Number of protein chains: 2
Amino acid sequence: MTSKQEFIEKLRNSSLRPTKQRINICEVLFNRDKTFHFTINDLFNLIIDKTGEKVSLATVYNTVHAFHKKGYLKEIPINSNQTYFDTNVTDHHHFFDVKEEKLIDIKNEDVGPIEIQKSIPGKKIKSVEVLVKLED
Amino acid sequence: MTSKQEFIEKLRNSSLRPTKQRINICEVLFNRDKTFHFTINDLFNLIIDKTGEKVSLATVYNTVHAFHKKGYLKEIPINSNQTYFDTNVTDHHHFFDVKEEKLIDIKNEDVGPIEIQKSIPGKKIKSVEVLVKLED
DNA sequence: ATCTTCTTTAGAATAATTATAAACAACGAA
DNA sequence: TTCGTTGTTTATAATTATTCTAAAGAAGAT
Ligand SMILES: [Mn+2]
Ligand SMILES: [Mn+2]
Ligand SMILES: [Zn+2]
Ligand SMILES: [Zn+2]
C-alpha cells in the first residue's frame, strides 16, 4: 500500500500541486504491486471505476505527460493508434501480444547485454529497447 | 535501376492492378540503392516532386498498406505522430535520432543474436526488434 | 481573509488515418 | 475492338487520439 504522502511527493517533484484529481490519478497509477502498462484511455476509465470520481481527460493527459517528463512513467515504442505508457521506469524490454494488444515485461537479465557494434558520429545512445512481437 | 516489370510484379503479388498512380508510387519506393525510411507524408510529397504527377493521399495510404500486408514494406515501431515505414524488409534494427526524427538502419550482425530467456505459453515469437534512441 | 498563481474542465481545434461513393480505368470474354 | 465486369482514383467527409483555450474554481502564501 503506497501512501498518499508518496503521491504528493511525486506530484511536487513534477511541479504539480497535489489536487484531488491528481491524487486519484496516482492511486490508479502507483498503488499496485506489478508493473502497469496502459493507454490514456485505459487510465481514464480505471480512475472512474476505482475511485468513483470523475476526472477530465485533459487532466489525465497533462498529469501523465508531467510524470513522463519527470521520469515517473515510461513511453513504450509500439505502433498503435494509442500511446502506451509503463509504470516500470527501470531499463527493461517488452513482449507485445499483437492479438490481445497487450504488453508484457521482459526483465533486462532475460535478454542479456545488447552490444551495438555501430555508432553515429556526434550522437550518443539514450536508450536501447527490444520489442518482441508475439503471435499465436 | 529497377524495371517497371518488377513494379508490376510486386503490384500483382499484392493483388493490385498496375495503374499509373501505383507505378509512380513504386518508382519512389523501390527505385533506389539504399534503404528508405519514410512516413506517408514524406512519400506523398516525394511522388509529386519526382514524378511530377499528382496522386491522391488515399491511394498512397491504400497502396502502402497493401505492400505492408504483403511484406514488401516494414512498419517501424516508434512513437511518433506519424507512422514510419521501411523498404528494407530484412531482419534488422534501428537508431532513431530523436532530434532529427530520422531512422538509421543497424544491420543484424551489428547487434548480434538476441536471446530472449522468457516465453509466453501458447504464443510464439513473430519478430524481435531493437530500437536505439540517439541524442546529441 | 485576500491576493496571486495554478488547476480543472467542457468544448473547440488539430492532425493522422480511414471510410464513402461517384467518376474512371483495367481486364477478359466475346 | 467492344462490352461488361470488376477494381481504382479521388475529393471529400468521418473518425479518433491528442492538444489547445479560456472561464470558473482551488491551492498556497501573507
Ligand atoms: Mn509524452
Ligand atoms: Mn499497416
Ligand atoms: Zn514495461
Ligand atoms: Zn530500416
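Protein chains get the first letters and strands the later ones, always in sequence-line order, with residue 1 at the start of each. The structure displayed is predicted, hence computed values, not measured ones.
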Colleague: Report the nucleotide, chosen from C:dT18, D:dT19, C:dT8, that has the shortest atom-to-atom distance to any side-chain atom of A:Y61.
Modeller: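 Among C:dT18, D:dT19, C:dT8, the one nearest the side chain of A:Y61 is D:dT19.
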Colleague: Atom CG in A:L134, atom NZ in A:K102: separation rounded to 0.5 Å?
Modeller: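 One finds 11.0 Å between CG of A:L134 and NZ of A:K102.
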Colleague: Compare side-chain N and O positions of A:T19 against OP1 and OP2 of C:dT8 and report whether any pair is under 4.0 Å apart.
Modeller: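 So the side chain of A:T19 is within the cut-off, an N or O lying under 4.0 Å from OP1 or OP2 of C:dT8.
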Colleague: Roughly how many Å is it from CZ in A:R17 to P in D:dA27, rounded to a whole number?
Modeller: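 Going from CZ in A:R17 over to P in D:dA27 covers 9 Å.
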Colleague: Heavy atoms from C-beta onward define the side chain here; which of C:dA10, C:dT5, C:dA26 lies closest to that of A:K54?
Modeller: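 Taking heavy atoms from C-beta onward, the closest nucleotide is C:dA10.
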Colleague: Checking all strands, does A:T83 fall into the base, sugar-phosphate, or nothing category for heavy-atom contacts under 4.0 angstrom?
Modeller: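 Sugar-phosphate: the residue A:T83, judged by heavy atoms under 4.0 Å, touches backbone atoms but no base.
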Colleague: B:I48 CD1 to D:dT10 C1': how many Å, rounded?
Modeller: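 So the two atoms are 13 Å apart, to the nearest Å.
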Colleague: What is the distance from CG of B:L57 to P of D:dA13, rounded to the nearest Å?
Modeller: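 After rounding, the gap between these two atoms is 15 Å.
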Colleague: In whole Å, what is the span from the CG atom of B:N62 to the C1' atom of D:dA11?
Modeller: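 To the nearest whole Å, that distance equals 14 Å.
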Colleague: Students often get this wrong, so: under 4.0 angstrom with heavy atoms, is A:T59 touching a base, only sugar-phosphate, or nothing?
Modeller: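 Base contact - A:T59 has a heavy atom under 4.0 Å of at least one base atom.
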Colleague: State which of C:dT7, C:dA10, D:dT10 makes the closest approach to the side chain of B:Q21.
Modeller: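 Of the candidates, D:dT10 comes closest.
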Colleague: For D:dT18, take OP1 and OP2 only and decide whether either is under 4.0 Å from a side-chain N or O of A:H65.
Modeller: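 No, because none of the side-chain N or O atoms of A:H65 sits under 4.0 Å from OP1 or OP2 of D:dT18.
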Colleague: End-to-end bend of the helix from C:dA1-D:dT30 to C:dA30-D:dT1 (five-pair axes, 10° rounding)?
Modeller: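 Axis-to-axis angle, ends of the helix: 30°.
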Colleague: Whether A:R12 contacts D:dG28 is assessed here as follows: a side-chain N or O lying under 4.0 Å from the phosphate OP1 or OP2. Is that the case?
Modeller: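 Checking A:R12 against D:dG28: at least one side-chain N or O falls below 4.0 Å of OP1 or OP2.
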Colleague: Can you list, pair by pair, the side-chain donor-acceptor contacts under 3.5 Å of residues 19-26 of chain A, counting residues two or more places apart and other chains?
Modeller:
from  : atom 1 : to    : atom 2 : distance (Å)
A:T19 : OG1    : A:R22 : N      : 3.2
A:K20 : NZ     : A:E53 : OE1    : 3.3
A:R22 : NH1    : A:R17 : O      : 3.0
A:N24 : ND2    : A:E53 : OE1    : 3.2

Colleague: So, is B:R22 near the phosphate of D:dT8, with a side-chain N or O under 4.0 Å from OP1 or OP2?
Modeller: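 For D:dT8, OP1/OP2 do have a side-chain N/O of B:R22 under 4.0 Å.
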Colleague: Ignoring the backbone of A:I40, work out which of D:dG7, C:dT9, D:dT18 is nearest its side chain.
Modeller: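 Of the candidates, D:dT18 comes closest.
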Colleague: Consider the side chain of B:S56, meaning its heavy atoms from C-beta on, and name the nucleotide among D:dG28, D:dG7, D:dA11 that approaches it most closely.
Modeller: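 That would be D:dA11.
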Colleague: Do A:K123 and B:D136 sit within salt-bridge range, that is, some charged N less than 4.0 Å from a carboxylate O?
Modeller: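 Answer for the salt bridge query: yes.
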